Asker: 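Below you will find the structure I want to go over with you.
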Amino acid sequence: MSAGTEKIDVTVADVTPVNELVTRFRFVRSDGGPMPTFSGGAHTVVEMQDGGRTRLNPYSLMSDPADRSGFSISVRRDDAGRGGSLYMHTKVHQGMKMVVSNPVNLFSLDLRARKHLMIAGGIGITPFMAQIKQLTAMNGNFELHYAVRTAALATYADELHATHPTRVHIYHDDRGEAIKLERLLDGQPLGTHLYVCGPKGMIAWVRKSAEELGWPREAVHHEEFLAPASGKPFEVKLALSNKVIKVGENQSLLEAIEEAGVDAPYLCRGGACGQCETDVIGYDGKFLHNDHWLTDDQKSGGKKIMPCVSRFEGKTLVLDR
């Protein structure tokens, strides 16, 4: 692991199926010591040794930030994904030794807020689990609106509603239930902060609606870890390292750089934090920008790339690495 994401040797303490798609994993330190502190909204990067390949995937921490005995994450199985979630579901077992990173928080609560309005979709509920525990401990004011496909796939919905019946509202797609977003956003008291985590379409919908209703940009928070896209293999020259590397069809540019033994910074590996932003020295071809960090001008300017999620098609790409 790299650039501020120091690793922790852990043992898998529990593997708990939550529903047909989601499984919860609990990690404890292999040396028996306490886990590092974190705040609600933080994530950890889990290292997976999958045959001859190392996978590094970020997952939101959902356990109580006050509990330093272990970290808990929930992983949704994606049969059409790149393999990380399938590895977690099929290879990870109780007692297994693994490696995770120190927590990093790119989705923290703004504790100046008078109220915290949370909107979640699907597995996007996980960071809110820790945030709600944190706010409950400090008697914070919060309200959660959680959209799910079906009751059977409503991850932690029953638990949340039972614990906070007046604060948690569940919407089932198969019952035709939907969040009345405009009414919800328009009726909040001054000093409310808005948080959204879930599918890309939901995040865009909530952010656009908030902007149109005049919400201050600094009061709207979102988190979305993008999975690296597959694509045509391509070749890259690393100018500082004097190496030429090949990026495979199902490999990210960041993974290829790391495989070549070149250190590259990262925090989220999902196009959100900006830590792996890399200067482009030269190119002949086109960029496939998949991040939501670079501005439109930066993407069209051909001077920057986010190697964690973006790709390239063409003859030549030279990076300042």
Side-chain angles (χ1 to χ4, degrees), residues 18-19 21-22 40-43 57-62 73-78 80-81 85 105-110 113 115-132 142-158 160-161 164 167-188 192-229 268-273 289-293 309:
V18 178
N19 56 45
L21 290 180
V22 176
H43 72 270
N57 283 21
Y59 296 105
S60 296
L61 293 169
M62 56 163 293
I73 64 171
S74 288
V75 180
R76 184 187 184 279
R77 192 185 75 244
D78 182 359
S85 71
N105 202 334
L106 305 173
F107 189 53
S108 59
L109 294 166
D110 191 325
K115 179 181 178 182
H116 305 271
L117 177 62
M118 303 167 172
I119 299 178
I123 198 62
I125 191 61
T126 50
F128 293 123
M129 299 292 289
Q131 289 184 342
I132 287 171
F142 70 90
E143 181 181 330
L144 171 69
H145 295 260
Y146 180 21
V148 301
R149 284 165 52 190
T150 66
L153 296 176
T155 309
Y156 304 114
D158 289 344
L160 286 164
H161 191 264
H164 308 284
R167 296 176 182 264
V168 172
H169 309 271
I170 313 297
Y171 305 81
H172 301 83
D173 290 348
D174 63 336
R175 300 176 188 173
E177 299 168 353
I179 299 171
K180 294 180 172 56
L181 186 61
E182 185 173 345
R183 183 187 304 174
L184 179 64
L185 296 185
D186 204 29
Q188 296 301 319
T192 299
H193 276 238
L194 173 64
Y195 308 81
V196 57
C197 185
K200 187 172 185 176
M202 168 181 267
I203 292 173
W205 172 52
V206 172
R207 294 181 67 198
K208 182 179 180 181
S209 298
E211 181 181 5
E212 290 174 349
L213 289 168
W215 279 66
R217 182 174 297 179
E218 61 273 15
V220 180
H221 314 269
H222 73 283
E223 180 173 69
E224 178 192 7
F225 293 137
L226 300 174
C268 76
R269 305 181 73 89
C273 71
H289 291 291
N290 297 313
D291 65 279
H292 44 71
W293 174 262
V309 293

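Since the structure is predicted, the reported quantities are computational estimates derived from the model, not experimental observations.
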Asker: Quick check: do Val75 and Tyr59 have side-chain heavy atoms less than 4.5 Å from each other?
Answerer: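 In contact.
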Asker: Assess whether side chain to side chain contact (heavy atoms under 4.5 Å, CB included) is satisfied between Leu117 and His145, documenting all intermediate values.
Answerer: CA-CA 8 Å; Leu117 177 62; His145 295 260; 3.8 Å; yes
Asker: Taking all non-hydrogen atoms of both residues into account, name the closest pair between Gln131 and Ser108 and its distance.
Answerer: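 Smallest heavy-atom distance, with atoms named: NE2-C, 4.3 Å.
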Asker: Is any side-chain heavy atom of Val148 closer than 4.5 Å to a side-chain heavy atom of Thr155?
Answerer: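 A side-chain contact under 4.5 Å is absent here.
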Asker: I'd like to know if the side chain of Ser85 reaches the main chain of Asp78, judged simply by a donor and an acceptor atom lying under 3.5 Å from each other, with no hydrogens or angles considered.
Answerer: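 Pair found, side chain donor or acceptor close to backbone of Asp78.
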Asker: Do the side chain of Glu177 and the main chain of His172 share a donor and acceptor less than 3.5 angstrom apart?
Answerer: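 A pair under 3.5 Å: yes.
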Asker: Identify the residue among Tyr195, Phe107, Phe128 that makes a ring-ring contact (aromatic ring centres under 6.0 Å, His included) with His116.
Answerer: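 Result: among Tyr195, Phe107, Phe128, Tyr195 is the only option passing the ring-ring contact (aromatic ring centres under 6.0 Å, His included) with His116.
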Asker: Between Tyr146 and Gly122 (side chain of the first, backbone of the second, donor and acceptor by atom type, cut-off under 3.5 Å), is there such a pair?
Answerer: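 Yes.
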Asker: Using every non-hydrogen atom in the two residues, find where Ser209 and Leu181 come nearest and quote the distance to one decimal.
Answerer: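 Where Ser209 meets Leu181 most closely, the heavy atoms are OG-CD2, 3.4 Å.
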Asker: Arg175 and Ala151: which non-hydrogen atoms are nearest, and at how many Å?
Answerer: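 In terms of heavy atoms, the two residues are closest at NH2-CB, 3.7 Å.
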Asker: Considering residues at least two apart in sequence or located in another chain, which fulfil the side chain to side chain contact (heavy atoms under 4.5 Å, CB included) criterion with Ala210?
Answerer: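 Partners of Ala210 by the side chain to side chain contact (heavy atoms under 4.5 Å, CB included) criterion, ordered by chain and then number, come out as Leu185, Leu194, Trp215, Val220.
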Asker: Between Ser60 and Thr126, which heavy-atom pair has the shortest distance, and what is it?
Answerer: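 That closest heavy-atom pairing would be CB-OG1, 3.6 Å.
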Asker: Measure from the side-chain N and O atoms of Arg167 to the backbone N and O of Phe142, and report whether any donor-acceptor pair falls under 3.5 Å.
Answerer: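 A pair under 3.5 Å: yes.
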Asker: What are the two closest non-hydrogen atoms of Asn105 and Gly40, and how far apart are they?
Answerer: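 Taking every non-hydrogen atom into account, ND2-O, 3.2 Å.
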Asker: Step through the shown structure and confirm whether more than 12 heavy atoms of other residues, nucleotides or ligands are within 6.0 Å of CG on Asp158.
Answerer: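 No, the 6.0 Å shell around CG holds no more than 12 heavy atoms from other groups.
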Asker: Given side chain to side chain contact (heavy atoms under 4.5 Å, CB included), test Met62 with Ile125 step by step and report yes or no.
Answerer: CA-CA 9 Å; Met62 56 163 293; Ile125 191 61; over 6 Å; no
Asker: Would you say that Ile73 contacts Leu61 through its side chain, given a criterion of any heavy-atom pair below 4.5 Å between the two side chains?
Answerer: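 With C-beta onward as the side chain, the pair touches.
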Asker: Which heavy atom in Cys268 sits nearest to a heavy atom in Pro58, and how many Å separate them?
Answerer: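 For Cys268 versus Pro58, the nearest heavy atoms are O-CG, 3.0 Å.
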Asker: Is there side-chain contact between His164 and Ile132, with heavy atoms separated by less than 4.5 Å?
Answerer: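 A side-chain contact under 4.5 Å exists here.
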